[in-house]
Amino acid sequence: MRNPFPNIFKPLDLGFIRLPNRIVMGSMHTGLEEAKGGIDRLAAFYALRARQGVGLIITGGVAPNITGWLKPLGMTLNTRWKVHKHRKIVDAVHREGGRICMQILHAGRYGFHPFVMAPSAIKSPISPFKPFSMPEWYIRKTIRDFGRAAFLAKKAGYDGVEVMGSEGYLLNQFMAPHTNKRKDKWGGSLENRMRLSLEIVREIRRRTGEDFLIIFRISLIDLVREGSVWYEIVALAQALENAGVHILNSGIGWHESRVPTIASMVPEGAFVPLTKRLKEVVNIPVVATNRINYPEQAEGLLQRGEADLVSMARPFLADPGWVSKSSKGNTDSINPCIACNQTCLDRIFKGQVAGCMVNPQACMETVRVIRPTAYPMKIAVVGAGMAGMVFSATAASRGHDVTLYEKKGELGGQFNLAGKIPGKENYFQTIEYYTQRMKESGVHLKLSEEFDVIKAHNEGYHAIVVATGVRPRIPDIKGIQLPHVMDYVQAIDHPDKIGQRVAIIGAGGIGFDVALLLSEQQVPAVDRHRAYCDFWGIDLNVKTPGGLIEPRKTLSSRQVFLLQRSKGKMGAKLGKTTGWIHRLTLRKRGVQMIAGVEYSRIRSDGLEVIIKGEKRLLEVDHIVLCAGQEPTHVVPSNLRDLPIPVHIIGGAKDASGLDAERAIHEGFELGRNI
Ligand code: NAP
């Protein structure tokens, strides 16, 4: 069969190392680095991706010394006795025929500990610790520490190192006037600001020789005030090439930047144009990153010569088999990353081990193992939301005979609503993926079919799984039955029926989603990239410092009120890495977000509320209820009287605090253990 992606699967020969394809698994901190027993799990995590054909793996960031820690006792490679830990990882990858580089990351002022050092003593907005300005002697030591970390990485067997020079970490902090206010030879002129990066690369080359891969992740757009401009970035890239770097990886935006760069609302491949421009000014391979998810997309950009390699990180959490499936043209069977950040980045920011919402086995490869069942059973599943689907696919793959009943005509449950929210369109692909998995494992589907006790009797099931999900909570507010009140399901399904003035009751994840949907200005697909850059004030020419320009005002054409009863921050429970984006987006669109609201009553001309003790009428055409959920009770209560086990999972079990992650993971766990 003709290879469907010839550019992805074209080897890259660097003389001393040959990569079998153009796919790089980008650096991701998983939290396993520091967890008890984490190294064995980390080795299994990387080994599985290597076995499935990833061209090159880059580890999560490893500090070269303790001032470089991201958090106290973060993974560090500074002494010989730590080499054996790394060897476990390297050996596991090499046994599978893979290649792996260790990323050396010095956090600079992004460190969450009291020893933080940076070019200048300027606190970052994302760490409570103000850094010390690095003295000259410590800069010299840091250069030697990078060299030693690379030397020890070579001893551990790594194929090379990636030097983290972007995302606002130490080397990026030295490069940008935003954080570098030094008056000595390490600050001021461009030559001085580049010096640290270049000396580090030379030191690594000196310590590791010619046949050890050096990748440098260079910031192509800082997205902070007083960030670098393009000619400076080009100068650094060319100097790095001359200093001995083999590959340049693209870094996009600093962590403190108020511009989203990887979340789901960022258009696919939004920053590839920058990598393409970098490729035009250097002679070494360059890597494209950020919001690249699909083989077709990777193949297209490689074929157009926009990059030499493509790096993806979260897509390898979602599906370790991305490369092997692509090589066979089985792209429909790829479990796509939906860029929710909920189970990966948000967990890491809470100091937990990362996982993946759509792949419960990510980072749990040795723990959540699926084994064939010794006692195949006939199982009925009621409800084809994500909990029911994931259960069915998992249980059937183990040898159970599973029949899935869904009274509606479609699979996916609440994911069908999520997929209609702007930027969340690929939630539909998760439904498709699990549909495919159910087909492969032989699940019998009964769509538009209600399940009842008679069926349970007649069909001879051994167990029943109730996954009937949730329904919107209808709060007890006077006037709730009026015709201009609707729940979020109706609003998401028919936004066109909602008038120009609308009040949303409840500002949880769904309230925010509805506000985003109703305040969105429709943009044709071809203009989405331009609209994203305009809205967030991005200059992709990077002529302005940090590539920031004045954002274009894009007010909502609807007047939208988003309301919550509790005082304090709106949407306080939204994810750490995405909540700020939702709040900022709504603010920029002119949505009025009001906390501490008391709902008095709903009138035909609007919603009467009390805010700070004052009665107010919000004159609106529609009121949308996003006040949380309750379990759906569609299964007759006498089902519990049957002499067979009945398992209840997902929202049907407990609607409070339900989210997609819990639904999917509960479905998986029961499917794995039943
Ligand atoms: P939720 O996050 O629990 O929010 C429910 C909202 O309704 C809260 O703002 C609550 O705030 C309000 N509320 C609760 N009872 C009420 C009542 N009786 N009367 C009036 N208001 C009431 O639930 P959800 O928005 O339905 O989301 C469900 C799950 O999906 C959550 O876990 C959520 O995190 C997740 N999800 C997340 C996202 C995202 O992160 N982007 C998107 C969609 C869904 P007050 O009590 O302060 O009024």
Side-chain angles (χ1 to χ4, degrees), residues 260 263-265 338-347 349-350 357-358 385-387 413-427 430 469-480 485 487-492 503-518 561-586 593-602 607-611 623-632 650-666:
S264 61
M265 69 292 292
I338 56 175
C340 64
N341 288 0
Q342 191 179 324
T343 315
C344 48
L345 290 171
D346 286 347
R347 279 218 197 149
F349 276 100
K350 285 188 228 153
M357 178 153 97
V358 297
M386 291 315 301
Q414 297 254 334
F415 256 43
N416 286 299
L417 295 176
K420 290 177 189 158
I421 305 300
K424 288 189 164 181
E425 294 79 5
N426 52 9
Y427 278 54
T430 304
V470 291
R471 62 176 176 208
R473 176 187 289 131
I474 308 298
D476 185 15
I477 304 172
K478 213 165 154 194
I480 198 87
V485 180
D487 62 39
Y488 65 82
V489 178
Q490 293 162 310
I492 294 174
I504 300 168
I505 290 182
I510 293 183
F512 266 86
D513 274 359
V514 170
L516 289 165
L517 175 73
L518 298 182
F561 296 94
L562 179 59
L563 311 169
Q564 71 179 30
R565 297 174 304 180
S566 42
K567 295 194 175 101
K569 194 154 114 182
M570 295 292 292
K573 283 195 250 155
L574 297 179
K576 171 115 177 135
T577 61
T578 50
W580 66 271
I581 305 172
H582 298 323
R583 277 187 288 273
L584 196 51
T585 303
L586 294 183
M593 292 178 272
I594 311 176
V597 175
E598 202 181 307
Y599 308 112
S600 300
R601 65 177 173 135
I602 298 168
L607 174 65
E608 214 175 82
V609 290
I610 299 172
I611 302 168
I623 290 136
V624 180
L625 305 175
C626 301
Q629 293 124 353
E630 288 165 352
T632 312
K653 177 169 129 196
D654 179 10
S656 66
L658 176 78
D659 60 18
E661 180 191 333
R662 205 190 91 203
I664 291 175
H665 289 225
E666 270 184 31

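Read the numbers this way: they start at 1 and go in the same order the structure lists the ligands and their atoms.
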Would you mind reporting whether Ile581 and Pro260 have side-chain heavy atoms less than 4.5 Å apart?
yes
Distance to 0.1 Å, residue and atom name: give those for the protein heavy atom nearest to atom 30 (O) of ligand 1.
Leu658 O, 3.6 Å
Backbone N/O of Gly650 and side chain of Arg662: donor-acceptor pair under 3.5 Å
yes
Which heavy atom of the protein is the closest neighbour of atom 25 (O) of ligand 1, given with residue, atom name and distance?
Ile510 N, 2.9 Å
Heavy atom of Lys567, distance to ligand 1 below 4.0 Å
no
Give me the residue, atom name and distance of the protein heavy atom closest to atom 5 (C) of ligand 1.
Gly628 N, 3.5 Å
Would one find an N or O of Arg473, backbone or side chain, under 3.5 Å from an N or O of ligand 1?
yes
Heavy-atom distance to atom 26 (O) of ligand 1: which of Gln629, Gln564, Gln342, Arg662 wins?
Gln629
Would a search of protein heavy atoms around atom 17 (C) of ligand 1 find one under 4.0 Å away?
yes
Taking 4.0 angstrom as the limit and counting only heavy atoms of His582, give me the atoms of ligand 1 inside it, by number and element.
41 (N)
Best match, Pro475, Gly423, Gly506: closest heavy atom to atom 12 (C) of ligand 1
Gly506
Distance filter under 4.0 Å to Lys424 heavy atoms, resulting ligand 1 atoms
41 (N), 42 (C)
If you scan protein heavy atoms around atom 9 (O) of ligand 1, the nearest is Ala507 N, 2.9 Å
Taking atom 35 (C) of ligand 1 as the reference point, the nearest protein heavy atom with its distance
Asp659 CB, 4.0 Å
Side-chain contact test, heavy atoms from C-beta onward, threshold under 4.5 Å: evaluate it for Asp513 versus Leu517 and give yes or no.
no
Counting non-hydrogen protein atoms only, what is the nearest one to atom 48 (O) of ligand 1? Give residue, atom name and distance.
Arg565 N, 2.8 Å
Considering heavy atoms of the protein only, find what lies nearest to atom 4 (O) of ligand 1 and give residue, atom and distance to 0.1 Å.
Gly508 CA, 3.4 Å
Backbone N/O of Arg473 and side chain of Glu630: donor-acceptor pair under 3.5 Å
no
Note, Phe415 side chain near Ile664 side chain (heavy atom, < 4.5 Å):
yes
Side chain proximity check, Ile510 to Gln414, heavy atoms < 4.5 angstrom:
yes
Could you go through the side-chain contact (heavy atoms from CB on, under 4.5 Å) check for Ile477 and Val485 one step at a time?
CA-CA 11 Å; Ile477 304 172; Val485 180; over 6 Å; no
Measure the CG-CE distance between Leu586 and Met593 for me, rounded to the nearest 0.5 Å.
5.0 Å
Would you check if there is a donor-acceptor pair between the side chains of Thr578 and Asn341 at a distance under 3.5 Å?
no
Short side-chain to backbone donor-acceptor contact, Arg583 and Lys569, under 3.5 Å
no
Which atoms of ligand 1 have any heavy atom of Cys626 under 4.0 Å away?
5 (C), 6 (C), 7 (O)
for atom 40 (O) of ligand 1, nearest protein heavy atom and its distance come out as Leu574 CD2, 3.8 Å
Identify which of Ala660, Gly511, Ala655, Gly509 has a heavy atom lying nearest to atom 37 (C) of ligand 1.
Gly509
Run the contact test for Tyr599 against ligand 1 with a 4.0 Å cut-off on heavy atoms, strictly below, and give the result.
yes
To the nearest 0.5 Å, tell me how far Glu666 CD sits from Glu661 CD.
10.5 Å
Min heavy-atom dist Gln414 to ligand 1 below 4.0 Å
no
Can you find a heavy atom in the side chain of Met386 that is under 4.5 Å from one in the side chain of Thr430?
yes
